[in-house]
Amino acid sequence: MHRFFVPPKTLGQEQIDLPEEVVHHLGKVLRIGVGQIVLLLDGLGEVCLCRIEQLDKRRGLASVLERWNEPETAWPIDLLQALPKGDKLDLVLQKGTELGITTFTPLVSGRSIPRLDEQREAKRRQRWERIIQEAARQCRRPRLPQLSPVQELEKALGGCSAELKVMLWEGDCPPLSEVLGTTRPESAAILVGPEGGFSCQEADTARQSGFTPVSLGPRILRTETAGLAVASILQYIFGDLGIAPGRSKPGPQP
Ligand code: SAM
């Protein structure tokens, strides 16, 4: 069944006025007509089964047949990603949403190439939010991951309250398996450097903020690969990548 995210306040009503882009998608792209059933979601867990009651060029109306709340099944992972060059963050956001990252924190470190002024950041942010929403729609994730503002490394480190904090560091340090315990922590944060890596001083600052350096083995992964690899491993061990839909999670429990 087709599904669309709509602004949370819209979903509170019994007759839902569909946003312009949803009207366009239903009418022009999918060529769906009056009487069709769709799912509308607010991105916060509320889901409505709806019937399209009116659909023309300018306006779409849907009535709510049933509503319910869907919990987040992904285990909380905050990906603290140093801004990569060009549009590589787009890929991280799209794939990370599919893999179950719950918060994205883009950050600027000493060797980050992109420097965004306020205007460019606001424009990028709109695009990043669209990418997250589209990925969540495609992979049928009912809750949208959060996107934190772009921040300086030290601020991002200081604001991180995850229980398990790992810094991906290509220097001499233990592998991820040695850092993971047998019980499931409440949440995790994964810190990933830019193309040029973190400086030793930045790595020290991260250590002082409670981040344990971990190695991903002998191959140097691209910045956009490294975080996604670790997110997949963690979501498999502690989260919902290792379960069949509808079953409870085997393996380490809190
Ligand atoms: N400038 C570094 C070099 O040439 O040695 C490579 C940086 S790498 C492209 C970008 C980031 O990915 C690193 O800062 C680190 O966070 C992560 N990363 C990549 N490969 C890794 C590995 N084998 N172990 C741990 N972290 C890795």
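Numbering of ligands and ligand atoms starts at 1, following listing order.
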Where do Pro19 and Pro7 come nearest, in terms of heavy atoms and distance?
CG-CD, 3.7 Å
Any chance CG of Asp56 has more than 12 other-residue heavy atoms, nucleotides or ligands included, within less than 6.0 Å?
yes
Go through it in stages, so that I can follow the logic: the residues are Leu99 and Leu241, the test is side chain to side chain contact (heavy atoms under 4.5 Å, CB included), and I'd like the CA-CA distance, side-chain angles, deciding distance and then a yes or no.
CA-CA 8 Å; Leu99 291 168; Leu241 277 187; 4.2 Å; yes
Numbered atoms and elements of ligand 1 in range of Gly217, under 4.0 angstrom, heavy atoms:
23 (N)
Checking the N or O distance criterion of under 3.5 Å, is ligand 1 in contact with Val192?
no
Considering only the protein, which heavy-atom contact is closest to atom 24 (N) of ligand 1, and what is its distance?
Leu216 N, 2.9 Å
Which atom pair, heavy atoms only, marks the closest approach of Ala156 to Leu107?
CB-CD2, 4.0 Å
Pick from Leu157, Val108, Thr105: which one makes a side-chain contact (heavy atoms from CB on, under 4.5 Å) with Gln151?
Thr105
Determine, counting only non-hydrogen atoms of the protein, whether one lies under 4.0 angstrom from atom 14 (O) of ligand 1.
yes
Atom indices of ligand 1 within 4.0 angstrom of Gly197 heavy atoms, with elements
1 (N), 7 (C), 14 (O)
Show which atoms of ligand 1 fall inside a sub-4.0 Å distance from at least one heavy-atom site of Trp169.
24 (N), 25 (C), 26 (N)
Can you tell which part of Pro218 has a heavy atom less than 4.0 Å from ligand 1: side chain, backbone, both or neither?
neither
Counting only heavy atoms not in Arg51 (residues, nucleotides, ligands), do more than 12 fall under 6.0 Å from its CZ?
no
I need the minimum non-hydrogen distance between Phe211 and Ala189, along with the two atoms involved.
CE2-CB, 4.0 Å
Salt bridge (charged side-chain N to carboxylate O under 4.0 Å, His left out) for Arg67 and Glu14? Distances and angles first, verdict last.
CA-CA 10 Å; Arg67 58 173 79 230; Glu14 284 311 304; 3.3 Å; yes
May I ask you to identify the nearest protein heavy atom to atom 11 (C) of ligand 1, giving residue, atom name and distance to one decimal place in Å?
Gly193 O, 3.5 Å
Among the heavy atoms of Thr225, does any lie under 4.0 Å from an atom of ligand 1?
no
Provide the closest heavy-atom pair for Gln133 versus Leu144 in the form atom of the first, atom of the second, distance.
CA-CD2, 3.8 Å
Ligand 1 and Leu221, any nitrogen or oxygen pair closer than 3.5 angstrom?
yes
Nearest-neighbour protein heavy atom for atom 3 (C) of ligand 1, which is reported as residue plus atom name and distance:
Glu170 OE2, 4.2 Å
Nearest non-hydrogen protein atom to atom 4 (O) of ligand 1, with distance, is Ile220 CG2, 4.7 Å
Have a look at ligand 1 and work out which part of Arg219, if any, has a heavy atom under 4.0 Å from it: side chain, backbone, both or neither.
backbone
What heavy-atom pair brings Pro213 and Arg207 nearest, and what distance separates the two atoms?
CG-NE, 3.4 Å
What are the atoms of ligand 1, with element, lying closer than 4.0 Å to any heavy atom of Val214?
25 (C)
With the threshold set at under 4.0 angstrom, would you say Pro194 reaches ligand 1 through any of its heavy atoms?
yes
Can you sort out which atoms of ligand 1 are near Gly196, meaning under 4.0 Å from one of its heavy atoms?
1 (N)
After noting the C-alpha distance and the side-chain angles of Val214 and Trp169, does the key distance pass the side chain to side chain contact (heavy atoms under 4.5 Å, CB included) rule?
CA-CA 6 Å; Val214 295; Trp169 177 244; over 6 Å; no
For Leu221 and Leu168, run side chain to side chain contact (heavy atoms under 4.5 Å, CB included): C-alpha distance rounded to whole Å, both residues' side-chain angles, the deciding distance at 0.1 Å, then the answer.
CA-CA 10 Å; Leu221 308 183; Leu168 309 190; over 6 Å; no
Are any of the N/O atoms in Leu168 less than 3.5 Å from those in ligand 1?
yes
With heavy-atom distances below 4.0 Å as the criterion, list the atoms of ligand 1 near Glu195.
1 (N), 6 (C), 7 (C), 9 (C)
Protein heavy-atom partner closest to atom 17 (C) of ligand 1 - residue, atom, separation in Å
Ala226 CB, 3.7 Å
